[in-house]
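Residues take their numbers from the sequence shown, with the count starting at 1.
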Amino acid sequence: MREPLPPSVSSSTDHVTTVAPRCALPGTPLQQAAAGLDACVHCGFCLQACPTYVNLEDENDSPRGRLVLMRRLLDGDIALADEGVAQHFDRCLGCRACETACPSGVPYGELLEATRATMLPVRGIPRVAQLVLTVFRYHVLLRAALAGARAVRATGLPRLLARLLPRRLAFPFAMLAASAPGPWRRRIMAPRAPAAADVAHAKNTEVAAPLAPVVTLLEGCVMSGLFRHVNDATVHVLAYHGYRSCATPGQRCCGALHAHAGDLEGARALARENIAAFERTAADLIVVNAAGCGAMLKQYGHLLHDDPAWSARAEALSARTRDVSELLASCGVRMGTTPIGLRVTHDPPCHQMHAQRVVRPPMAVLEAVPGLDLVPLEDADQCCGSAGIYNLVEPATSDAVLAPKLARIADTHAQIVATGNPGCHMQIGAGLLMSGSGVTVAHPIELLAASYPDRGRPLPAVP
């Protein structure tokens, strides 16, 4: 590796003029995002917040270390094809916990995506990741894949195979098994006669309905394919709070997986389809119940900031997007009427806590469920190791990050882990299943919906 380029010096004896070193990667996404590097003061506050640094104990696998590597790539000290350096970027979960810890406001998530996008033409994408991204890019393939997954899940085979196969083969089956509605629902969701409070609320909602705000749900790829019960619960809870829901045809994958992998063009193409689809709705707000998808929609403005035809439209969509817990907390979460006697701990998804900075609202949702025994989870701000498709392409590091999370959950003696992201749900659920634990995972909105009346009745939507 060559030494960094020296500053240019003028021939005048009166003064020395220092200019910026020549950029080795002009016009690349990393060069365009390089201003973010200047904010880092190398204080090290990010180190203990970073799950890969904590578990691997290598500063090259810390945010501060990766920022140094980014700078050296820009200066030309490191080649884009250097696999040893690339491995440190591959190992990053993109959880963005470092952004919460950083006192200088370094936009690490944007820099990571820009670095991966800059390296992509040279390194390509691993085959497993390429297959997944292709399926998620094309709606017909995605629908077929998720329909097949539901069919396999219905047989009960995934749960059996998760116990019989070697770990690396078993884990995807355990994830699929973990996506099924939890067994706790059979007890909680039994039909019951409405209480007087339920009847009174139904009358009030009926009167207010014509004036209620209209919302539309981001149905989501995995959410609509494997977690329809959560989408149904979300619509029910929104209706109970007086919101009217309308459908949005033409929705696509949010593009988060593509952006995280460095495929920014794939992410932008999906973003444009979603923007166009949501512009056609009558909804005032777009509600999201998957943390990673919500973070992505809120970043559409940045993703398309240099596209004159779409930048303003992307910003408008981002401004209309709300995490479901964020929306409910803003209007005041209504207390449930049916006690649910379960011991529950909450694991906040990284892209809810660190990317969206939505921290308190999910707890407000859970606190509105009567009878829950809510217990705190130690190190809840640490990633579970899911990170989109990270657990498929970096399984060893993913396992290392998941292990302490499972240990902390066991310490709570909880019956249910509540979390608001499908990737986290399946990652933690798979780990619990394979460890022989009887703990299951649920979305906070499921628990709240279970405490409300008319849980089995379909709710009307806005035409």
[X] side chain to [Y] backbone, donor-acceptor under 3.5 Å:
X    : Y    : result
E99  : H354 : no
D61  : Y53  : no
S437 : L433 : no
R322 : A319 : yes
H260 : G388 : no
D284 : V214 : yes

For the residue pair [X] and [Y], establish whether any side-chain heavy-atom pair is separated by less than 4.5 Å.
X    : Y    : result
Y300 : I275 : yes
P395 : R168 : yes
T419 : P348 : no
R150 : R228 : yes
P183 : T440 : yes
M426 : L176 : no
S179 : H425 : no
L432 : L406 : yes

Partner set under ring pair (Phe, Tyr, Trp, His ring centres under 6.0 Å) for [X], not counting sequence neighbours:
X    : value
Y108 : none
H302 : H305
H88  : none

What side-chain donor-acceptor pairs closer than 3.5 Å can you find for residues 128-146, not counting sequence neighbours?
unit_1	atom_1	unit_2	atom_2	d
T134	OG1	Q130	O	2.8
R137	NH1	E273	OE2	3.3

Cation-pi geometry met for R91 and F89 (6.0 Å, 45°):
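That pair does not qualify as a cation-pi contact.
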Non-hydrogen atoms of [X] and [Y] that approach each other most closely:
X    : Y    : result
R153 : L226 : NH1-O, 2.9 Å
E446 : A233 : CA-CB, 4.2 Å
C95  : P51  : SG-CD, 3.7 Å
L402 : G431 : CD2-CA, 4.0 Å

Restricting to pairs with a member in residues 342-368, which pass salt bridge (Lys or Arg N to Asp or Glu O under 4.0 Å), not counting sequence neighbours?
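Listed by first then second residue: R343-D373, D347-K405, R360-E367.
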Apply the test side chain to side chain donor-acceptor pair (under 3.5 Å) to residues T248 and T216: give CA-CA distance (whole Å), side-chain angles for both, the deciding distance (0.1 Å), then the verdict.
CA-CA 7 Å; T248 299; T216 189; 2.5 Å; yes
Apply side chain to side chain donor-acceptor pair (under 3.5 Å) to the pair T52 and R66, showing each step before the final yes or no.
CA-CA 11 Å; T52 51; R66 293 183 182 110; 3.1 Å; yes
State plainly whether the residues E315 and K298 are in salt-bridge range, i.e. N to O under 4.0 Å.
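Here E315 does not pair with K298 in a salt bridge, since their nearest N and O are not under 4.0 Å apart.
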Looking just at side-chain N and O atoms, do N421 and Q352 make a donor-acceptor pair shorter than 3.5 Å?
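Side-chain D/A pair, N421 to Q352: absent.
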Quickly, which of R272, R313, R320 forms a salt bridge (Lys or Arg N to Asp or Glu O under 4.0 Å) with E279? Name it, please.
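Testing E279 for a salt bridge (Lys or Arg N to Asp or Glu O under 4.0 Å) against R272, R313, R320 leaves exactly one candidate, R313.
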With side chain to side chain donor-acceptor pair (under 3.5 Å) as the criterion, how do Q251 and N274 come out once you've worked through the C-alpha distance, each side chain's angles and the decisive distance to 0.1 Å?
CA-CA 5 Å; Q251 295 185 42; N274 280 323; over 6 Å; no
Distance-only criterion, 3.5 Å: show the donor-acceptor pairs between side-chain atoms of residues 374-384 and protein atoms not counting sequence neighbours.
unit_1	atom_1	unit_2	atom_2	d
D379	OD2	R408	NE	3.2
Q382	NE2	Q48	O	3.4

Applying the side-chain contact (heavy atoms from CB on, under 4.5 Å) criterion to L297, which one of D323, L303, I286 satisfies it?
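Checked D323, L303, I286 against L297; only one passes side-chain contact (heavy atoms from CB on, under 4.5 Å): I286.
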Mind telling me whether H236 and Y452 have parallel, tilted or perpendicular rings, with 30° and 60° as the class edges?
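Plane angle between 30° and 60°, so tilted.
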